[in-house]
Number of protein chains: 2
Amino acid sequence: MNSLSKISICKGRPREFDLETALAAALRVFWKNGYEAASMAELTAAMGITKPSLYAAFGNKEALFHKALDLYEREKLAYMTSAVEAPTARAVAERLLHGALQMQTSTCDPKGCLGVISTAACGVEAEPIKAEVMKRRASSEAAIVRRFEQAKADGEFPEGLEPAALVRYLFAIMQGMALQGGSGATCNELRQLAETSMAVWPTK
Amino acid sequence: MNSLSKISICKGRPREFDLETALAAALRVFWKNGYEAASMAELTAAMGITKPSLYAAFGNKEALFHKALDLYEREKLAYMTSAVEAPTARAVAERLLHGALQMQTSTCDPKGCLGVISTAACGVEAEPIKAEVMKRRASSEAAIVRRFEQAKADGEFPEGLEPAALVRYLFAIMQGMALQGGSGATCNELRQLAETSMAVWPTK
DNA sequence: TGCACTATATACCGTTCGGTATGAATAGCT
DNA sequence: AGCTATTCATACCGAACGGTATATAGTGCA
């Protein structure tokens with residue numbers, strides 16, 4: 001009878017662009033300019049679609065940013081979640097700094113960090129964006145803090161070093177690296193920064 | 001007779017606002033929102049003057065920002081120039097971190113750092129702003145590098161630590177502190193960050 | 001074929017942006 | 001007083017902003 005087995009789903013005219021490809025293009029624009037400075041005109045130009053298509057497919061500018069942020073976390077911030085699996089706190093820090101360094105020295109991606117850019121400056125209209133990014137960063141930090149508490153229980157840290165403080169310190173370095181990377185620092189300079197950070201990493 | 005001792009100078013109608021006060025108000029707006037997100041409407045409202053008065057007194061938005069940046073460096077970044085007078089590299093770092101900490105924990109100033117905010121994200125129109133801020137930061141960094149080279153000659157550093165790399169590392173921490181301060185970190189958290197940084201500072 | 005549905009392209013919406021023309025108001029100078 | 005110079009307040013400029021109405025084009029289904 002009614003054969004709804006076939007995945008017809010869509011009755012109307014099929015869209016002429018690929019959602020993921022367009023989203024990736026949007027991500028690059030947000031990444032390069034930040035949320036507010038990324039105009040709909042530049043976004044649609046980079047995505048190769050018109051404004052009505054964008055709004056039909058992604059909702060509005062803010063919803064588009066959220067989906068781009070999802071893609072960013074999924075593809076570019078994977079090293080953060082995998083870093084906690086390192087055997088020691090020092091190795092965790094090494095993986096994090098190495099991952100951050102690779103992000104900034106990649107030749108095919110924009111410089112800087114989307115998260116850093118989005119929380120640094122914003123007008124009133126971008127406050128919810130900033131809040132969302134801060135929330136996600138907090139959950140990333142929390143995961144590393146838990147890992148470092150384990151490391152402390154394992155006796156990896158000298159006296160008086162709190163895991164939460166050490167994570168904040170480590171994240172500050174990575175944020176500074178992203179900032180310097182976005183401000184034209186060379187690969188060598190950033191590598192020196194990562195190496196210096198590891199050179200002073202506390203040992204028991 | 002002709003008493004030109006009095007500072008007459010100007011013939012026309014005297015301006016009804018104080019230049020320095022208005023500039024300080026503008027600085028706070030730029031500091032809070034960044035260059036692009038600070039609209040002329042918000043600036044004039046905070047400064048208590050109208051748009052034509054602003055343009056007559058300061059030129060345009062970009063010139064106003066430059067003058068606000070001058071004020072910022074003069075009043076808020078004085079600790080950077082005085083830090084180099086500290087007796088050791090460690091003391092220099094301590095002063096810098098302490099100064100940065102005080103900036104972020106001040107209750108009467110906006111959070112974050114104007115320099116960090118201005119270099120993090122910007123559209124094409126703010127590129128010259130970003131370039132100017134980067135130039136000024138580079139000169140600040142250069143002064144600290146020179147001081148650390150002296151410290152290295154004095155044998156204050158362990159083997160293999162380059163002054164330039166150490167300065168970049170230190171600035172990354174301060175930039176990260178400014179970012180976290182602008183993202184709602186508490187005073188205690190920022191103090192922990194500064195203390196952790198000093199706790200791991202390299203000793204010979 | 002004709003209907004229902006969706007994506008497309010163009011042209012437009014109201015608002016806000018940075019920046020100004022204009023005329024009245026207020027001062028010093030002669 | 002009268003002239004000149006400068007500031008003030010209002011109202012306005014063209015351009016760009018995020019977002020949409022509308023009409024056309026392309027698909028699956030009956």
Side-chain angles (χ1 to χ4, degrees), chain A residues 1-19 21-23 26 29-30 33-68 121-129, chain B residues 1-19 21-23 26 29-30 33-68 121-129:
Chain A
M1 280 302 215
N2 53 351
S3 63
L4 50 85
S5 60
K6 199 73 160 82
I7 37 158
S8 51
I9 307 174
C10 40
K11 285 178 70 175
R13 174 177 176 176
R15 74 163 45 91
E16 301 176 357
F17 63 94
D18 179 57
L19 274 178
T21 307
L23 187 59
V29 175
F30 283 128
N33 297 345
Y35 175 73
E36 286 178 299
S39 70
M40 295 302 299
E42 187 172 356
L43 284 165
T44 52
M47 300 165 82
I49 63 179
T50 60
K51 247 190 290 188
S53 296
L54 190 155
Y55 278 84
F58 299 101
N60 60 10
K61 188 182 179 184
E62 185 169 347
L64 175 64
F65 181 85
H66 275 96
K67 281 160 184 155
C122 70
V124 284
E125 70 165 288
E127 293 281 0
I129 297 290
Chain B
M1 271 319 220
N2 55 349
S3 60
L4 51 84
S5 61
K6 203 69 158 86
I7 36 157
S8 53
I9 309 175
C10 40
K11 285 178 71 173
R13 175 177 176 175
R15 77 162 45 91
E16 300 175 357
F17 64 95
D18 180 57
L19 273 179
T21 307
L23 188 58
V29 176
F30 282 129
N33 297 345
Y35 174 74
E36 285 178 299
S39 70
M40 296 303 298
E42 187 173 356
L43 283 165
T44 51
M47 300 165 82
I49 64 178
T50 60
K51 246 188 294 187
S53 297
L54 189 156
Y55 277 85
F58 299 101
N60 59 11
K61 189 184 178 183
E62 185 167 347
L64 175 64
F65 181 84
H66 275 96
K67 280 159 185 156
C122 70
V124 284
E125 71 166 285
E127 292 280 0
I129 296 290

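Per chain, numbering begins at 1; letters A, B, ... match sequence-line order.
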Side-chain contact, heavy-atom cut-off 4.5 Å: B:M47 with B:F17? no

Check whether any side-chain heavy atom of B:K61 lies under 4.5 Å from a side-chain heavy atom of B:F65, and answer yes or no. no

Whole-Å distance separating the [atom1] atom of [X] from the [atom2] atom of [N]:
X      : N      : atom1 : atom2 : result
B:K51  : C:dG18 : NZ    : P     : 8 Å
A:R15  : C:dA9  : CZ    : P     : 13 Å
B:E16  : D:dC8  : CD    : P     : 5 Å
B:E36  : D:dA16 : CD    : C1'   : 13 Å
B:E125 : D:dC17 : CD    : C1'   : 12 Å

Please report the closest heavy-atom contact between [X] and [Y], naming both atoms and the distance.
X      : Y     : value
A:L54  : A:T44 : CD1-CG2, 3.8 Å
B:C122 : B:E36 : CA-OE1, 3.2 Å
B:A68  : B:L23 : N-CD1, 3.7 Å

Enter the inter-axis angle for the ends of the helix from C:dT1-D:dA30 to C:dT30-D:dA1 (five pairs per end, rounded to 10°). 10°

Expected list for residues 38-50 of chain B near DNA chain D, using heavy atoms below 4.0 Å, is B:T50

Side-chain contact check for B:K11: nearest option of C:dC29, D:dC8, D:dT27 is C:dC29

Quick check for you: to the nearest 0.5 Å, what is the distance between A:F58 atom CZ and A:L43 atom CG? 10.5 Å

Extract from the structure each pairing of a protein N or O with an N or O of nucleotides 21-25 of chain C at less than 3.5 Å, listing the distance.
residue : atom : partner : partner atom : Å
C:dA25  : N3   : B:R13   : NH1          : 3.2

Heavy atoms within less than 4.0 Å of DNA chain C: which residues of residues 55-66 of chain A have one? Give them sorted by number. none

With A:R13, which residues qualify under side chain to side chain donor-acceptor pair (under 3.5 Å), at least two apart? A:E16

State which residues pass salt bridge (charged side-chain N to carboxylate O under 4.0 Å, His left out) with B:E42; sequence neighbours excluded, sorted by chain then number. B:K32

